[in-house]
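First comes the structure, then the notes that go with it.
Index from 1, following the sequence.
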Amino acid sequence: QVQLVESGGGLVQAGGSLRLSCAASGRTSGSYAMGWFRQALGKEREFVAAITWSGGITYYADSVKGRFTISRDKAKNTVYLQMNSLKPEDTAVYYCAAKLGTSGYSAMLRYDSWGQGTQVTVSS
């Protein structure tokens, strides 16, 4: 399995930006696709963005499309989530996840490894 550690969360005003990082360790030699999910207080965890192992294809939830950008640096075993034009409704714990395979990028159950999460709070 892959161990994942997120960082970069914090408190930001609406309209601001944050960049989350997710560092992978352990069995990183596999062709892992990476995803970001989030869970707001009292709500279910939801898909935010995903990137294929090659980094050539990205996927986004409609709610973040045009504002968030996912990228990865395979040499550093790190995936990033650049979040711009943040809104109060983006407030949540953000989780990084890794999966094998080439389908189901937005499906939480397809992911094998999860980080512990990082809190993002957007004030109005």
Side-chain angles (χ1 to χ4, degrees):
Q1 265 198 339
V2 177
Q3 288 76 50
L4 304 171
V5 178
E6 302 97 335
S7 61
L11 174 64
V12 64
Q13 287 189 332
S17 299
L18 280 175
R19 188 176 82 155
L20 305 183
S21 299
C22 173
S25 62
R27 290 190 174 183
T28 58
S29 59
S31 302
Y32 286 96
M34 302 296 293
W36 286 96
F37 292 76
R38 67 186 181 187
Q39 188 167 17
L41 194 62
K43 295 188 177 181
E44 293 187 351
R45 194 171 299 187
E46 63 176 6
F47 169 74
V48 175
I51 188 166
T52 58
W53 177 79
S54 67
I57 302 175
T58 55
Y59 304 86
Y60 296 96
D62 288 343
S63 59
V64 306
K65 206 170 288 183
R67 301 188 297 123
F68 291 10
T69 302
I70 188 172
S71 62
R72 71 188 300 169
D73 184 334
K74 286 194 287 182
K76 295 183 178 180
N77 289 323
T78 300
V79 64
Y80 304 97
L81 185 68
Q82 177 66 44
M83 306 185 294
N84 298 328
S85 302
L86 283 161
K87 305 174 181 180
E89 50 263 44
D90 294 318
T91 295
V93 177
Y94 283 71
Y95 297 90
C96 173
K99 67 178 288 298
L100 295 171
T102 57
S103 62
Y105 292 98
S106 64
M108 194 168 61
L109 293 179
R110 294 291 188 99
Y111 286 79
D112 309 300
S113 301
W114 291 83
Q116 82 290 348
T118 185
Q119 176 71 46
V120 171
T121 303
V122 184
S123 62
S124 57

Closest approach of [X] to [Y] (non-hydrogen atoms, all atoms of both residues):
X      : Y     : value
Asp90  : Ser85 : OD2-O, 4.4 Å
Tyr95  : Arg45 : CZ-NH2, 3.4 Å
Arg110 : Lys99 : O-CB, 3.4 Å
Val2   : Ala24 : CG1-CB, 3.8 Å
Arg72  : Thr52 : NH1-O, 3.0 Å
Gln119 : Ala92 : NE2-O, 3.4 Å

Margin query: To the closest 0.5 Å, what do you measure between CE (Met34) and OG (Ser71)?
Written below: 11.5 Å
Checklist line | Distance (rounded to the nearest 0.5 Å) between Ser106 OG and Glu46 CD | finding: 11.5 Å
Check: With the 4.5 Å side-chain cut-off for hydrophobic clustering, are Ile57 and Tyr111 part of the same group?
Finding: yes
Next item on the list: Look at the side-chain heavy atoms of Ile, Leu, Val, Met, Phe, Trp and Tyr, link any pair under 4.5 Å apart, and say whether Leu81 and Leu4 land in one connected group.
Entry: yes
Note to self: I need the single residue from Trp36, Tyr60, Phe37 that forms a ring-ring contact (aromatic ring centres under 6.0 Å, His included) with Phe47. Which is it?
What the structure shows: Phe37
Check: Who passes ring-ring contact (aromatic ring centres under 6.0 Å, His included) against Phe68, sequence neighbours left out?
Finding: none
Next item on the list: With sequence neighbours excluded, tell me which residues meet ring-ring contact (aromatic ring centres under 6.0 Å, His included) with Tyr80.
Entry: none
Note to self: Taking NZ in Lys43 as the centre, count heavy atoms belonging to other residues, nucleotides or ligands within less than 6.0 Å. Is the count above 12?
What the structure shows: no
Checklist line | Note, Lys76 side chain near Ser21 side chain (heavy atom, < 4.5 Å) | finding: no
Item checked: Check: Val64 and Arg38 side chains under 4.5 Å, non-hydrogen atoms -> yes
Note to self: Has Thr91 got a side-chain atom pairing as donor or acceptor with Val122's backbone, closer than 3.5 angstrom?
What the structure shows: yes
Note to self: Quick check against the 3.5 Å criterion: does Gln1 have a side-chain atom that pairs as donor or acceptor with the backbone of Asp112?
What the structure shows: yes
Does anything in [range] form a disulfide (SG to SG under 2.5 Å)? List the pairs, not counting sequence neighbours.
range          : value
residues 52-91 : none
residues 5-115 : Cys22-Cys96
residues 24-64 : none

Notebook entry, point to check: Can you say whether the rings of Tyr105 and Tyr59 are parallel (under 30°), tilted (30 to 60°) or perpendicular (over 60°)?
Noted result: parallel
Check residues 12-20 and write down every donor-acceptor pair under 3.5 Å in which the side-chain atom is one partner and the other belongs to a residue at least two apart or another chain.
unit_1, atom_1, unit_2, atom_2, d
Ser17, OG, Asn84, OD1, 2.9

Margin query: Consider side-chain contact (heavy atoms from CB on, under 4.5 Å). Of Gln3, Met108, Glu6, which one does Trp114 pass it with?
Written below: Met108
